[in-house]
**Student:** 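The structure follows.
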Amino acid sequence: MSTTISTASASQEAVPSLDNAEIQAWKAELIKSQGLISGAFWQETLAMTRRLFIQLQRRPTTLVAGVIQPLIWLVLFGALFQNVPAGLFGESRNYGQFLGAGIIVFTAFGGALNAGLPVMFDREFGFLNRFLVAPLASRYSIVVASALFIAVLSLVQTAAILGLSAVLGAGLPSLPGLLLVLFIVMTLVLGVTALSLGLTFALPGHIELIGVIFVTNLPLLFSSTALVPLEFMPGWLQVVASLNPLTYAIEPIRYVYLHPSWGLGSTVLQTPFAAVSLGACLAVLVGFCGLSLALIQPLLRRRIA
């Protein structure tokens, strides 16, 4: 009894060639539709961002506390040093005016540092796994949604601080100054949010992440020019503050508060190393943001891509 076995060459003839133009066009369209610039990517990013805002709507305490806390800092610290001699804090009319820039930057920094917590809880409760097995155009939408959410919260907090500072007599920067403030805040938020999300996927759980946040938060505040000028600090702390990215966000904001006319060449900070212009501060912030994004790329590629 004989059995007829089809040969491999016969099977291959039935399969369309990968060199087929229609198949190549279909593959190119598939890759394009799943990229970071596709409509599907932004659709799912907006859906995940909306999910975060729905969570915030159901538990608004986070937003209320996030807005009230910096305002309390501004009022209490401003009152604490209200009677200091004029001119002690540089060109500022009062300590509240000096403090406003520090509170804006520190609030944005603190909010961005906490950006990884919701993703960490999603990871621990298993919800993140549902995202990872879903047919997403790109899993980077999870990261971008968190960054957008934190950016909007930071804008709300910044607007509240600017408003109260104006009421307390600090005034407001000019319109270009306000745009510069927003640019600085958004750049800082993006860089710190990237680091926080990187920690979320690198650390084993939320206990470790909260520990890192506690250890990082206040030391970076006190080693910056948020509360006192650089010349008030001992020599070693001046060096530390000159290496702190928060200082390069605070000083340009403080400068545009005090100087209606400013430019990228305006000197805003005198470090132990050299005088630093406003443009150099912006370059440091953009470099910090770019470095943060570059550092987390390999980790995110291994964990979620």
**Student:** Yes or no on side chain to side chain contact (heavy atoms under 4.5 Å, CB included) for Leu227 and Leu99, after CA distance, side-chain angles and deciding distance?
**Tutor:** CA-CA 6 Å; Leu227 303 179; Leu99 185 64; 3.6 Å; yes
**Student:** Does any part of the side chain of Leu63, heavy atoms only, come nearer than 4.5 Å to the side chain of Leu153, both counted from C-beta?
**Tutor:**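 The answer is yes; the side chains approach within 4.5 Å.
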**Student:** Is any side-chain heavy atom of Thr193 closer than 4.5 Å to one of Val143?
**Tutor:** no
**Student:** Around atom CD of Glu231, are there more than 12 heavy atoms from other residues, nucleotides or ligands closer than 6.0 Å?
**Tutor:** yes
**Student:** Is a side-chain N or O of Tyr248 found less than 3.5 angstrom from the main chain of Leu278, in a donor-acceptor match?
**Tutor:**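 The answer is no, because no donor-acceptor pair under 3.5 Å joins these two groups.
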**Student:** Taking the side chain as every heavy atom from C-beta outward, state whether Phe201 and Val119 have any pair of such atoms under 4.5 Å apart.
**Tutor:** yes
**Student:** Say whether, by atom type as modelled, one donor and one acceptor occur between the side chain of Gln157 and the main chain of Gly66 under 3.5 angstrom.
**Tutor:**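 Yes; judged by distance alone, with no hydrogens or angles, the pair exists.
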**Student:** With a 3.5 Å distance limit and no angle check, can you tell me whether Arg254 reaches the backbone of Gly100 through a side-chain donor-acceptor pair?
**Tutor:** no
**Student:** Determine whether Leu221 and Leu246 satisfy the following criterion, side chain to side chain contact (heavy atoms under 4.5 Å, CB included), listing intermediate values before the conclusion.
**Tutor:** CA-CA 8 Å; Leu221 169 67; Leu246 298 187; 5.6 Å; no
**Student:** Are any non-hydrogen side-chain atoms of Thr267 and Val276 less than 4.5 angstrom apart?
**Tutor:**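 Answer no - side chains too far apart.
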**Student:** For the residue pair Leu299 and Gly198, what are the closest heavy atoms and their distance?
**Tutor:** CD2-O, 3.0 Å
**Student:** Heavy-atom count check: over 12 atoms from other residues, nucleotides or ligands less than 6.0 Å from Gln55 CD?
**Tutor:** yes
**Student:** For a 4.5 angstrom cut-off between non-hydrogen side-chain atoms, does Phe149 reach Ser146?
**Tutor:**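 Side chain of Phe149 against side chain of Ser146, heavy atoms only: no contact under 4.5 Å found.
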**Student:** Do Phe288 and Leu188 come close enough that some side-chain heavy atom pair is under 4.5 Å?
**Tutor:**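 Counting from C-beta outward, Phe288 and Leu188 do come under 4.5 Å.
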**Student:** Nearest 0.5 Å, please: how far is CG in Asn114 from CG in Leu209?
**Tutor:**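 Answer for the CG-CG pair, Leu209 versus Asn114, is 8.0 Å.
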**Student:** Judged by modelled atom types alone, do Asn244 and Ser223 share a side-chain donor-acceptor pair under 3.5 Å?
**Tutor:** yes
**Student:** Go through Glu251 and Thr225 one step at a time and tell me if the side chain to side chain contact (heavy atoms under 4.5 Å, CB included) criterion holds.
**Tutor:** CA-CA 8 Å; Glu251 291 302 325; Thr225 57; 2.7 Å; yes
**Student:** Do Val240 and Phe222 come close enough that some side-chain heavy atom pair is under 4.5 Å?
**Tutor:**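 Result no, sub-4.5 Å side-chain heavy-atom pair not found.
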**Student:** Would you tell me whether Ser141 and Glu44 have side-chain atoms, one donor and one acceptor, within less than 3.5 Å of each other?
**Tutor:** yes
**Student:** Show the numbers, then the answer: is there a side chain to side chain contact (heavy atoms under 4.5 Å, CB included) between Phe106 and Asn217?
**Tutor:** CA-CA 9 Å; Phe106 182 66; Asn217 213 354; 3.3 Å; yes
**Student:** Would a 4.5 Å heavy-atom cut-off, applied to side chains only, mark Phe53 and Leu148 as touching?
**Tutor:** no
**Student:** For Phe273, does the CZ atom sit with more than 12 other heavy atoms under 6.0 Å from it, leaving out its own atoms?
**Tutor:** yes
